[in-house]
J.: 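Here it is, the structure, as structure tokens.
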Amino acid sequence: MAAAKAASISSLYLQSHPSPPNPTSIFSLFLSQNPPKTLLPSQNLHCSHLLSLTCTQHLLHPPTLKTQSPAFSSNKQHPDGRSIDYDDDEKPREECGVVGIYGDPEPLDSAIWPPRAQHRGQEGAGIVCVQDNVLQSVTGVGLVSEVFNQSKLDQLPGDLAIGHVRYSTAGSSMLKNVQPFVAGYRFGSVGVAHNGNLVNYGSLRAMLEENGSIFNTSSDTEVVLHLIAISKARPFLLRIVDACEQLEGAYSMVFVTQDKLVAVRDPHGFRPLVMGRRSNGSVVFASETCALDLIEATYEREVFPGEVVVVDKEGVQSLCLMAHPQPKQCIFEHIYFALPNSVVFGRSVYESRRVFGEILATEAPVECDVVIAVPDSGVVAALGYAGKAGVPFQQGLIRSHYVGRTFIEPSQKIRDFGVKLKLSPVRAVLEGKRVVVVDDSIVRGLRLRKLFGC
Ligand SMILES: O=P(O)(O)OC[C@H]1O[C@H](OP(=O)(O)OP(=O)(O)O)[C@H](O)[C@@H]1O
Ligand SMILES: NC(=O)CC[C@H](N)C(=O)O
């Protein structure tokens, strides 16, 4: 699983560096051996230091979880090695944006807007709406604006909906894997949208196929629908609980049935999921609070790790099915996954990034004339660095608005191309100056290698 991989990379890092290394020295060395030559102006540029942020989990304060039911025993089987269609590398890949709305007279107005926050997934988008007990679905490959036009929206009436933007983690980037998925089971229909990655997907799928299940997709998310279908639990809600108890890994999910909206978050709370309300009384779930802002919904709270929240005509009901004493929130949400105007894991992303920059300025002070950011995600940290260091922040790199996020693209070729087109230097800011360049992180190293021609 990507989150586990990210965690193990950082713990490996911490093990081999008992006290954090000084990023200044690492990057001074890096730059002195690899003088900038590609995108930055070649003459009279003294790029003194490139600073990247290292972040610590203790900056985040997880919400305390009240246990309302006994802990469940999770499936400890190992994946059976069946081929999961992962990306061409093994970097953290776990975003995706989910949204769910109950009781909104204009659900599409609501459902369509949160996924427009495309920063969590650019490969595919979909919406499932419920009207007269029928689940109608529209999904497509590409951006929300490419998938949905007015005639598509007209196919989706109803006051109960879920939506998804996809960043593939398991299952290739193709139409059949675009969510939400909808399935009919013995007592009705159910739709699901998932943010996360199920690490025991392989063994669950093998078990289900052994017992006769036929799969339509190569996505890990589909196992959840099969587990619901074979569950003997009653009522429907307990089938979801039953299915989730068998999952290992990250899952923030929204389900829709003929009359219910259900939100579930895994017991570790790897990925965010928040709940809000609009002034018309409708209840909204979304991956990030920035999606609530888009539809003028008020943030109420997080869906807690291990919690199941059910919304139907009876109101909002909360069930804590899986207790876990130690939440494991993915630090990358605060580093660059989430937008800075979101509150994630109960903490402002903007504030985290600003403080990361301040810490960097304190731990790695550098004589410089100007601080610049690698936009977009490096901007707030660079502001924090500049503020603390008392050095002017300037826009030394301009980002093209026509290239989306590059790390999120499904293949190396597309990422390379995007990185090449995305950032351009501002000669007036950089020429002849001692420049500190702040980025939020180095993951594949592609972006900074391209930027500095290394
Ligand atoms: O894997 P690497 O090459 O080291 O790149 C990692 C960077 O990718 C992301 O930027 P991206 O340009 O995708 O998004 P952004 O516009 O939000 O910064 C993010 O900000 C990471 O720092
Ligand atoms: N990025 C995600 O959260 C992906 C969800 C799911 N694992 C998929 O690949 O579609």
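Reckoned from all heavy atoms, side chains included, excluding hydrogens, waters and symmetry mates. First listed ligand is number 1; within each ligand, the first listed atom is number 1. For clarity, every value in this text was computed on a predicted model and none was experimentally measured.
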J.: What are the atoms of ligand 2, with element, lying closer than 4.0 Å to any heavy atom of Ser168?
T.: 9 (O)

J.: Run the side chain to side chain donor-acceptor pair (under 3.5 Å) test against Glu351 and tell me which residues pass, sequence neighbours left out.
T.: Arg354

J.: Do Thr139 and Gln179 have side-chain N/O donor and acceptor atoms under 3.5 Å apart?
T.: no

J.: Given the rule in the side chain to side chain contact (heavy atoms under 4.5 Å, CB included) test, do Leu208 and Ile230 qualify, once you have shown the distances and angles that lead to the verdict?
T.: CA-CA 9 Å; Leu208 287 159; Ile230 62 167; 3.7 Å; yes

J.: May I ask you to identify, for Arg271, whether its side chain, its backbone, both or neither come under 4.0 Å of ligand 2 on a heavy-atom basis?
T.: neither

J.: Anything with a heavy atom under 4.0 Å from ligand 1 counts, so go ahead and list those protein residues by chain and number.
T.: Tyr336, Pro375, Asp376, Ser377, Arg399, Arg405, Thr406, Phe407, Lys422, Asp439, Asp440, Ser441, Ile442, Val443, Arg444, Gly445, Leu446, Arg447

J.: Report the part of Leu198 in contact with ligand 2, treating N, CA, C, O as backbone and CB onward as side chain, heavy atoms under 4.0 Å; options are side chain, backbone, both, neither.
T.: neither

J.: In terms of atom number and element, which parts of ligand 2 are under 4.0 angstrom from non-hydrogen atoms of Asn195?
T.: 2 (C), 3 (O)

J.: With sequence neighbours left out, write down each residue that passes ring-ring contact (aromatic ring centres under 6.0 Å, His included) with Tyr299, or none if nothing qualifies.
T.: none

J.: Does only the side chain of Thr169 get under 4.0 Å from ligand 2, or the backbone, or both, or neither? Count heavy atoms.
T.: both

J.: Are the aromatic rings of Phe215 and His226 close, with centres under 6.0 Å apart?
T.: yes

J.: Considering only heavy atoms of Asp220, which atoms of ligand 2 have at least one such atom less than 4.0 Å away?
T.: 6 (C), 7 (N), 8 (C)

J.: Using a cut-off of 6.0 Å, state whether more than 12 heavy atoms not belonging to Gln395 lie near its atom CD.
T.: no

J.: Flag Arg166 as yes when one of its N or O atoms lies below 3.5 Å from any N or O atom of ligand 2, and as no otherwise.
T.: yes

J.: Tell me, please, which residues at least two apart from Phe393 pass ring-ring contact (aromatic ring centres under 6.0 Å, His included).
T.: none

J.: Look at Glu222 together with Arg205 and state whether they make a salt bridge at an N to O cut-off of under 4.0 Å.
T.: no

J.: Before you tell me yes or no, could you show the steps for Glu288 and Arg120 under side chain to side chain contact (heavy atoms under 4.5 Å, CB included), namely the whole-Å CA-CA distance, both residues' side-chain angles and the distance that decides it to 0.1 Å?
T.: CA-CA 10 Å; Glu288 283 181 42; Arg120 296 189 72 88; 2.6 Å; yes

J.: Any N or O of His164 that comes nearer than 3.5 Å to an N or O of ligand 2?
T.: no

J.: Below 4.0 angstrom from a heavy atom of Thr221, which ligand 2 atoms are there? Numbered from 1 as shown, please.
T.: 6 (C)

J.: Could you tell me whether ligand 2 has any atom less than 4.0 Å away from a heavy atom of Gly171?
T.: no

J.: Check the pair Arg353, Asp440 against salt bridge (charged side-chain N to carboxylate O under 4.0 Å, His left out), reporting the backbone distance first and the verdict last.
T.: CA-CA 8 Å; Arg353 289 186 193 160; Asp440 55 79; over 6 Å; no

J.: Has ligand 2 got any nitrogen or oxygen that is less than 3.5 angstrom from a nitrogen or oxygen of Asn177?
T.: no

J.: Is it true that the side chains of Asn177 and Ser218 contain a donor and an acceptor less than 3.5 Å apart?
T.: yes

